[in-house]
Amino acid sequence: TATGTKDATTFLRGDNTFQTISSDFVRISTSTVGSAHDYINFDNVFSSSYDNYLVVGRINNTYGATNIGVRFRASGSTETGNNYNRYGTRLTSSSYNNSTSQSYMAMYNNDDVNDDIAFYFYVHTPFDSSHSGHIMGSMTSRAGIGMYFAGNVRNTTSYDGISIFNVNTSAGDLNNSKTTIYGLTNA
């Protein structure tokens, strides 16, 4: 006879006991937008509960020669000042310019027209005001363009959100996006 509680949150181990299913990834929020848009904003997703987060998504970009940018948010307001550093390397050609004192961190740089983009990036310590928020990740497109990217914001604000956006704003060039944020359990 098995011991423990049998329900939707447990599994039966080889020693005939039920154990609770656990994961180091806890889904916090998902945004799905089918129509034309310029921003994917998440508010109240970063907290003292987690030090690190994973952001996973896809976007259809219908405007070429643009950047897909990332900015931090605090209390519903986006940090738009020239407080970001950004770094990136294209996987199919040479590195693009690493830049300091920018108004956003670039996830994607200047070459995609009417193409699907898939991405992931880690966000480190966004809520801890004694550290600046950091991101690092990767993206790829159906056109075969790939990029590693990283960046950080240089100030001591506690951020509770993030914005992913088309730098060519007000054009509605992002379509069919789905983005999910996971908190990573602290070790």
Side-chain angles (χ1 to χ4, degrees), residues 23-35 37-61 66-80 83-91 96 98-99 102-109 112 115-129 131-142 145-155 157-169 173-187:
S23 173
D24 290 338
F25 294 87
V26 178
R27 186 176 55 181
I28 295 173
S29 185
T30 298
S31 170
T32 303
V33 182
S35 60
H37 56 289
D38 291 309
Y39 295 91
I40 304 164
N41 290 332
F42 288 94
D43 292 319
N44 301 312
V45 293
F46 303 144
S47 71
S48 61
S49 297
Y50 306 99
D51 293 332
N52 299 299
Y53 299 82
L54 174 63
V55 180
V56 179
R58 71 170 196 283
I59 301 171
N60 179 266
N61 178 33
T66 191
N67 289 331
I68 302 298
V70 179
R71 290 178 172 148
F72 285 106
R73 294 172 58 83
S75 301
S77 296
T78 302
E79 172 64 52
T80 60
N83 297 316
Y84 295 100
N85 296 325
R86 64 183 189 217
Y87 314 96
T89 301
R90 289 221 18 217
L91 302 178
Y96 79 92
N98 299 328
S99 303
Q102 300 297 303
S103 64
Y104 62 93
M105 298 170 286
M107 176 171 40
Y108 183 76
N109 192 46
D112 223 36
D115 209 355
D116 292 317
I117 299 167
F119 61 88
Y120 75 89
F121 58 91
Y122 290 94
V123 181
H124 304 281
T125 62
F127 197 72
D128 184 351
S129 63
H131 297 84
S132 59
H134 300 266
I135 69 167
M136 64 180 187
S138 178
M139 63 73 53
T140 186
S141 73
R142 187 175 50 200
I145 297 169
M147 185 165 226
Y148 292 124
F149 59 90
N152 69 298
V153 60
R154 300 179 330 268
N155 60 28
T157 301
S158 177
Y159 294 103
D160 62 8
I162 200 159
S163 179
I164 301 167
F165 68 102
N166 183 349
V167 176
N168 178 45
T169 57
D173 295 320
L174 303 180
N175 294 283
N176 300 318
S177 69
K178 181 175 182 180
T179 306
T180 301
I181 297 180
Y182 299 90
L184 280 66
T185 57
N186 295 332

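Each residue takes its place number in the sequence, starting with 1.
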OG-CG distance between Ser75 and Asp160, expressed to the nearest 0.5 angstrom:
5.5 Å

Kindly compute the distance separating CG (Asn85) from CG (Asn152), expressed to the nearest 0.5 Å.
4.5 Å

Taken in chain and number order and not counting sequence neighbours, the residues that satisfy side chain to side chain contact (heavy atoms under 4.5 Å, CB included) with Val33 are Ser31, Ser35, His37, Ser177

Output, in order, the C-alpha distance, side-chain angles, deciding distance and verdict of side chain to side chain contact (heavy atoms under 4.5 Å, CB included) for Phe149 and Arg86.
CA-CA 7 Å; Phe149 59 90; Arg86 64 183 189 217; over 6 Å; no

Counting distance only, does the side-chain N/O of Thr78 pair as donor-acceptor with the main-chain N or O of Thr80 below 3.5 Å?
no

Residue pair Ile162, Phe121: steps toward the side chain to side chain contact (heavy atoms under 4.5 Å, CB included) verdict:
CA-CA 12 Å; Ile162 200 159; Phe121 58 91; 3.7 Å; yes

Name the residue from Ile68, Ile164, Asn60 that meets the side chain to side chain contact (heavy atoms under 4.5 Å, CB included) definition with Leu174.
Ile68

Main-chain N/O of Asn186 paired to Asp51 side chain as donor or acceptor, under 3.5 Å
no

Locate the shortest heavy-atom distance separating Met107 from Met139; write the atom from each residue and the value.
O-CG, 3.3 Å

Here the pair of heavy atoms bringing Gly69 nearest to Tyr104 is CA-CD1, 3.8 Å

What pairs with Tyr84 under ring pair (Phe, Tyr, Trp, His ring centres under 6.0 Å), at least two apart in sequence or on another chain?
none

Do the rings of Tyr120 and Tyr122 sit parallel, tilted or perpendicular, given the 30° and 60° boundaries?
perpendicular

Looking only at heavy atoms, which two atoms of Ser48 and Phe127 are closest? And how far apart?
N-CD2, 3.4 Å

Rounded distance (nearest 0.5 Å) linking atom OG1 of Thr180 with atom CZ of Arg27:
7.0 Å

Kindly compute the distance separating CE (Met136) from CE (Met105), expressed to the nearest 0.5 Å.
13.0 Å

Taking the side chain as every heavy atom from C-beta outward, state whether Tyr182 and Ile28 have any atom pair closer than 4.5 Å.
no

By ring pair (Phe, Tyr, Trp, His ring centres under 6.0 Å), which residues pair with Tyr50, not counting sequence neighbours?
Tyr53

Asn83 side-chain N/O to Arg154 backbone N/O, donor-acceptor pair under 3.5 Å:
no

Working to the nearest 0.5 angstrom, can you tell me the gap between Ser163 OG and Phe72 CZ?
11.5 Å

Testing the basics here: between Ala74 and Ser158, what is the closest heavy-atom pair and its distance to 0.1 Å?
CB-O, 3.7 Å

What verdict does the side chain to side chain contact (heavy atoms under 4.5 Å, CB included) test give for Arg71 and Glu79, after you've listed the backbone C-alpha separation in whole Å, the side-chain angles of each residue and the deciding distance to 0.1 Å?
CA-CA 6 Å; Arg71 290 178 172 148; Glu79 172 64 52; 5.5 Å; no

Presence of salt bridge, Asp43 and Arg73, under 4.0 angstrom
yes

Which residues share a side-chain hydrogen bond (donor to acceptor under 3.5 Å, both in side chains) with Thr179, sequence neighbours left out:
none

For Asn52 and His124, the nearest pair of non-hydrogen atoms, with its separation, is OD1-ND1, 2.8 Å

Between Asn41 and Phe165, is any pair of side-chain heavy atoms under 4.5 Å apart?
no

List for me each residue that meets side-chain hydrogen bond (donor to acceptor under 3.5 Å, both in side chains) alongside Asp24, sequence neighbours excluded, and say none if there are none.
Thr185

Residues in side chain to side chain contact (heavy atoms under 4.5 Å, CB included) contact with His131, at least two apart in sequence or another chain:
Thr125, Asp128

Output, in order, the C-alpha distance, side-chain angles, deciding distance and verdict of side chain to side chain contact (heavy atoms under 4.5 Å, CB included) for Val153 and Tyr159.
CA-CA 10 Å; Val153 60; Tyr159 294 103; 3.7 Å; yes

Looking at every heavy atom in both Thr32 and Lys178, which two are closest together, and how far apart are they?
OG1-CG, 3.6 Å

